[in-house]
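Read through the structure below, which is laid out as structure tokens, and then see the notes.
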2 protein chains.
Amino acid sequence: MAHVLPDSIRCRLGYLLAKTHQRQLKLFEAHTHDLSVSGRQYATLLALEANAELRQSDLAEWLDLDRTTVTYLIDSLEERAWIERQRDPADRRAHIVRLTDAGTVALADIRPAAQAATQELLTPLDDDEQAQLRALLARLLP
Amino acid sequence: MAHVLPDSIRCRLGYLLAKTHQRQLKLFEAHTHDLSVSGRQYATLLALEANAELRQSDLAEWLDLDRTTVTYLIDSLEERAWIERQRDPADRRAHIVRLTDAGTVALADIRPAAQAATQELLTPLDDDEQAQLRALLARLLP
DNA sequence: TATTGTTATACTCTATAACTATA
DNA sequence: TATAGTTATAGAGTATAACAATA
């Protein structure tokens, strides 16, 4: 190939975000392959690790997901018995979600694999630069 | 809501990339709404602006896309007469893609809208920080 | 009336494989 | 036999709207 990717593309933020995100997804999948878990399922388990009880509407707000997406997400986690859901006695419209013991075990398996994936992505950066990147990205979110 | 998004999620690189990318897509779409163009279509036009002629296989390699995806992408641009494709006389298996005059005009419309979207995303960062972010992300790509 | 969650539907992306035409 | 491109298909992911139960 006689040409080179022009800077007009290589420095486009949309391109950089799309490609790094794509690469992160592939690495996460490669490292967690035998666990067959999605990044979103992992994030849900982390949220429930930090908070013993959450309503589905809380998860939707936190993870910035549609409530229908949360329903499917929770369905998939309940099928694997990693979480359980029950009616909120205080508001019988709502469902309360909790991590099960099996979910805690699963999380212990997933976490090191997920961290290894992130470390592989971040290999070109030293520790300071990794922290800078996280801090800069975090400031772009509401 | 009584809870707060835990740092275990907020600082997860996969979460940060997914959310900033999602936000970038929404802002791009909002700013280019009346032009109805995708970021990938925009990147293709930029590639052709920098190189008068490209084969579809070049585009696939540059943009890290499957060749089937490139076929659909080029189809959509040809329908709008922004690009034209013809057989490569030197290798009649290949298609050579070129920007048309209409494509050049379209690019002139799209570019400021795309840049405005990026600037809105990057509002929380000053100029130095924006450059740092681009540089750090670029180093994560092969 | 508004909110929580579920279901159905559809639409976009993406991945795969089968196909053609050329090399 | 390998490569460039096309087509068909199916699988995720996501968005929308209609619905039931409850507030």
Side-chain angles (χ1 to χ4, degrees), chain A residues 1-2 14-15 17-19 21-26 28-30 32-33 36-44 53-79 83-98, chain B residues 1-2 14-15 17-19 21-26 28-30 32-33 36-44 53-79 83-98:
Chain A
M1 191 166 49
Y15 174 84
L17 287 173
K19 290 308 159 188
H21 183 212
Q22 189 181 53
R23 194 158 142 68
Q24 198 277 333
L25 286 174
K26 279 183 188 167
F28 183 90
E29 200 198 333
T32 62
H33 181 256
S36 65
V37 62
S38 70
R40 191 169 284 175
Q41 288 177 320
Y42 176 46
T44 305
E53 297 188 346
L54 286 176
R55 291 159 49 129
Q56 292 188 196
S57 55
D58 293 337
L59 282 168
E61 189 176 333
W62 280 19
L63 303 177
D64 193 23
L65 299 174
D66 193 85
R67 61 194 171 151
T68 64
T69 305
V70 171
T71 296
Y72 296 126
L73 185 57
I74 296 300
D75 281 349
S76 71
L77 292 170
E78 194 178 36
E79 272 168 27
I83 62 98
E84 59 187 9
R85 68 180 140 189
Q86 65 175 207
R87 292 266 168 215
D88 182 350
D91 180 348
R92 293 188 45 74
R93 293 172 303 181
H95 275 167
I96 292 212
V97 183
R98 282 192 199 84
Chain B
M1 193 166 49
Y15 175 85
L17 287 172
K19 289 308 159 190
H21 183 213
Q22 189 181 53
R23 195 158 142 67
Q24 199 276 333
L25 286 175
K26 278 184 189 165
F28 184 90
E29 200 199 333
T32 62
H33 181 256
S36 66
V37 63
S38 70
R40 191 169 283 176
Q41 288 177 319
Y42 176 46
T44 306
E53 297 188 345
L54 285 176
R55 291 158 50 125
Q56 292 188 195
S57 55
D58 294 337
L59 283 167
E61 189 175 333
W62 281 19
L63 304 177
D64 193 23
L65 298 174
D66 193 85
R67 60 193 174 155
T68 64
T69 307
V70 171
T71 296
Y72 296 126
L73 184 57
I74 297 299
D75 281 350
S76 71
L77 292 170
E78 193 178 38
E79 273 169 26
I83 61 99
E84 60 188 8
R85 70 179 139 189
Q86 66 177 204
R87 291 265 167 216
D88 183 351
D91 180 349
R92 292 187 47 72
R93 292 172 304 181
H95 277 168
I96 292 217
V97 183
R98 281 192 201 83

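Letters A, B, ... are given to chains in the order of the sequence lines, protein chains preceding strands, and every chain is numbered from 1. As a basis for the values below, the full set of heavy atoms in this structure was taken, side chains included, without hydrogen atoms, waters or symmetry mates. Fair warning: this is a prediction, and the values are worked out from it, not measured in the lab.
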Residue-phosphate contact under 4.0 Å: B:Thr71 side-chain N/O, D:dG5 OP1/OP2: no
Among B:Leu77, B:Val70, B:Leu73, find the residue that satisfies the side chain to side chain contact (heavy atoms under 4.5 Å, CB included) test when tested with B:Arg40. B:Leu73
Hey, does the side chain of B:Asp91 reach the backbone of B:Asp88 with a donor-acceptor pair shorter than 3.5 angstrom? no
Length of the CG-P vector between B:Leu54 and D:dA4, whole Å: 14 Å
Short heteroatom pairs, N/O only, protein and nucleotides 12-16 of chain D, under 3.5 Å:
from   : atom 1 : to      : atom 2 : distance (Å)
D:dT14 : OP1    : A:Arg40 : NH2    : 2.6
D:dT14 : OP2    : A:Arg40 : NH1    : 2.1
D:dT14 : OP2    : A:Arg40 : NH2    : 2.8
D:dT16 : O4     : A:Thr68 : OG1    : 3.4

Between atom CD in A:Gln56 and atom C1' in C:dT6, what is the gap in whole Å? 9 Å
Would you say CD of B:Glu29 has more than 12 non-hydrogen atoms from neighbouring residues, nucleotides or ligands within 6.0 angstrom? no
note: B:Ile74, atom CD1; D:dT6, atom P; distance rounded to Å ~ 9 Å
Show each protein N/O and nucleotides 19-23 of chain D N/O combination with a separation under 3.5 Å, one pair to a line.
from   : atom 1 : to      : atom 2 : distance (Å)
D:dA23 : OP1    : A:Arg92 : N      : 3.1

Round to a whole Å and report the spacing from NE2 of A:His95 to C1' of C:dT4. 9 Å
Is it true that a side-chain atom of A:Arg98 and a backbone atom of A:Glu84 form a donor plus acceptor pair closer than 3.5 Å? no
Atom pair distance, as rounded to whole Å: CG in A:Asp75 and C1' in C:dA8: 14 Å
For A:His21, which residues count as a side-chain hydrogen bond (donor to acceptor under 3.5 Å, both in side chains) partner, sequence neighbours excluded? B:His21
Between C:dT6 (C1') and A:Gln86 (CD): distance, integer Å: 18 Å
